[in-house]
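Structure, as structure tokens:
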2 protein chains.
Amino acid sequence: MDIDTNLLATAERLFDQDGFHATGMGRLVEESGLSSRTVYKHVGSKNALMARVLAARGDRFFAHADFTSTRALFDSVALWARREGARGCLFFRLRAETGGAVPEIEAAVAAYHAQLHARLAALVRQETGAADPTLTDQLLALFEGATTAATYRGPAVIEAAGACAVHLIERGRSS
Amino acid sequence: MDIDTNLLATAERLFDQDGFHATGMGRLVEESGLSSRTVYKHVGSKNALMARVLAARGDRFFAHADFTSTRALFDSVALWARREGARGCLFFRLRAETGGAVPEIEAAVAAYHAQLHARLAALVRQETGAADPTLTDQLLALFEGATTAATYRGPAVIEAAGACAVHLIERGRSS
DNA sequence: TCCAATGTAAAACGATCATTTTACATTGGC
DNA sequence: GCCAATGTAAAATGATCGTTTTACATTGGA
């Protein structure tokens, strides 16, 4: 595996499991099997690394998530949570850890939020035939809430939220 | 104002605005106008302080939130967000910052989640006449999601989620 | 009045951490 | 065959931070 890919994957795993502050660069050096010099030559800084981790995470998530229908979306999210564990949205968590003070991370989070909202808006348009900002916000809330609540109630919450979302969409279609 | 009350309130404000790690104890010493010796005599440690902040936060939130009806609940949450700002659930954020490694904080978060879930379950029972775990999870997801999404979409999301919740409850009542 | 509690002011401690530097080894392309 | 790039190993740097300690002032009640 490529060094950069290896570093990105290791960092994502550590940040996701233990958090940004709890994961020191020394830990990344150990687990990657590289020297600290090489690590820094590749990632630049911890902040830059985290921004790249978030970008990669977003790409991976949007590649996995199935936005062809509301049901497919929540099913794919439930599958993701079961495979990767439900520890809450990594974007939100890492943002909380840095208190909004790191511009690179704010940018990565904003990009993710923009894409998430746009995809949900498109899903609403596709399923109901018209744009509906309120319905989009409701799907967004269900999505975010399912992700968050699943951290302490388990992945079943995602299915419950999905059923709610499907019902909402069906209701929006007939209007 | 009492020293303890003052410290708790100042700490909650700082932790909420800037985060746990970004807020050093020196900052709390400055803003409280006390000496570090006195601060530590009162709060014990930063971890213990944070656990007490969370307990107080929970008390304050449940004293403010109106669980008499679904509509009243989301309206009161929207009002809270407008008054205090929407930076996401403090329990979730502080938990993310500590990576689950601080027992005192895990306990405070678990207590909050248990109470939140119990109150929502009771609300469902009261409004529909019967317990409904799935409906309770859906309300929970809408609540958590509204809180989270409001951080980047504004408090309007909370109203949209509230409308969705009210609709869900009405549908549950007629079944 | 006196003492014990409680406070201030400020330096010191000890640990952690991100990051850099020094010295040296390996290696692949011209 | 050589050199420039790229890697390792490990110590050093410099800053931050939670927490403690030292020395001293204030004060309220028995």
Side-chain angles (χ1 to χ4, degrees), chain A residues 1-54 90 93-108, chain B residues 1-54 93-106 108:
Chain A
M1 183 157 49
D2 181 63
I3 282 187
D4 268 63
T5 313
N6 175 32
L7 275 174
L8 259 288
T10 305
E12 180 182 340
R13 179 171 50 84
L14 292 177
F15 289 158
D16 186 34
Q17 284 177 354
D18 300 337
F20 178 67
H21 277 111
T23 303
M25 292 297 279
R27 183 88 189 284
L28 181 62
V29 166
E30 283 175 20
E31 302 233 358
S32 66
L34 302 169
S35 69
S36 74
R37 197 180 205 268
T38 303
V39 166
Y40 271 93
K41 197 151 283 183
H42 277 85
V43 306
S45 70
K46 195 181 183 185
N47 283 342
L49 169 63
M50 185 161 61
R52 285 181 60 194
V53 162
L54 287 182
L90 187 63
R93 286 160 53 208
L94 293 194
R95 187 184 204 201
E97 287 212 56
T98 51
V102 183
E104 300 145 298
I105 288 150
E106 294 304 291
Chain B
M1 184 156 51
D2 182 61
I3 282 187
D4 267 64
T5 313
N6 175 34
L7 275 174
L8 259 289
T10 304
E12 181 182 338
R13 179 170 51 84
L14 293 177
F15 289 158
D16 186 33
Q17 283 177 355
D18 300 336
F20 178 66
H21 277 111
T23 302
M25 291 298 279
R27 183 89 188 285
L28 181 62
V29 166
E30 284 174 20
E31 301 232 359
S32 67
L34 302 169
S35 69
S36 74
R37 197 180 204 268
T38 303
V39 165
Y40 271 92
K41 198 150 281 182
H42 277 86
V43 305
S45 71
K46 195 182 183 184
N47 283 343
L49 169 63
M50 185 160 61
R52 285 180 60 194
V53 162
L54 287 183
R93 287 160 53 206
L94 292 194
R95 187 185 203 201
E97 287 212 56
T98 52
V102 183
E104 300 145 297
I105 288 151
E106 295 304 291

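All chains are named by letter (A, B, ...) in the order of the sequence lines, taking the proteins before the strands, and each is independently numbered beginning at 1. Basis for what follows: all heavy atoms, side chains included, without hydrogens, waters or symmetry-related copies.
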Rounded to whole angstrom units, what separation is found between the CG atom of L34(A) and the C1' atom of dT6(D)?
-> 12 Å
Which part of the nucleic acid, if any, lies within reach of I3(A) when heavy atoms closer than 4.0 Å are counted: base, sugar-phosphate only, or nothing?
-> sugar-phosphate
Min side-chain heavy-atom separation R27(B)-D18(B) under 4.5 Å | yes
Phosphate contact (dG7(D) OP1 or OP2) by H42(A) side-chain N/O below 4.0 Å | yes
More 5' along DNA chain D: S45(B) or R37(B), using each one's nearest nucleotide?
-> S45(B)
Figure out the CE/P separation between M50(A) and dT19(C), and round it to whole Å.
-> 11 Å
Find the distance D2(B):CG to dG7(C):P and express it as a whole number of Å.
-> 10 Å
Take the protein atom CD of E30(B) and the nucleotide atom C1' of dA9(C), then report the distance between them rounded to whole Å.
-> 14 Å
Indicate yes or no: at least one non-hydrogen side-chain atom of M50(B) is less than 4.5 angstrom from one of T98(B).
-> yes
How many Å lie between NZ on K41(B) and P on dT8(C), as a whole number?
-> 11 Å
Testing dA11(D), dT8(D), dA18(C) for proximity to the side chain of Y40(A), the answer is dA18(C)
N47(A) has an atom CG; how far is it from atom P of dC17(C), in whole Å?
-> 16 Å
What's the NZ-C1' distance between K46(B) and dC17(D), to the nearest Å?
-> 8 Å
Hey, does G44(B) reach any base, or is it just sugar-phosphate, or nothing, if we go heavy atoms under 4.0 Å?
-> nothing
Pairwise distance CG(L28(A)) to CZ(F15(A)) - rounded to 0.5 angstrom = 6.5 Å
Close side-chain approach of D16(A) to R93(A), heavy-atom, < 4.5 Å | yes
In whole angstrom, give the distance that lies between atom CE of M25(A) and atom C1' of dA15(D).
-> 17 Å
Would you state whether a donor and an acceptor, one from the side chain of T38(A) and one from the base of dT6(D), lie under 3.5 Å apart?
-> no
Shortest non-hydrogen contact between S35(A) and V29(A), atoms and distance = C-CG1, 4.2 Å
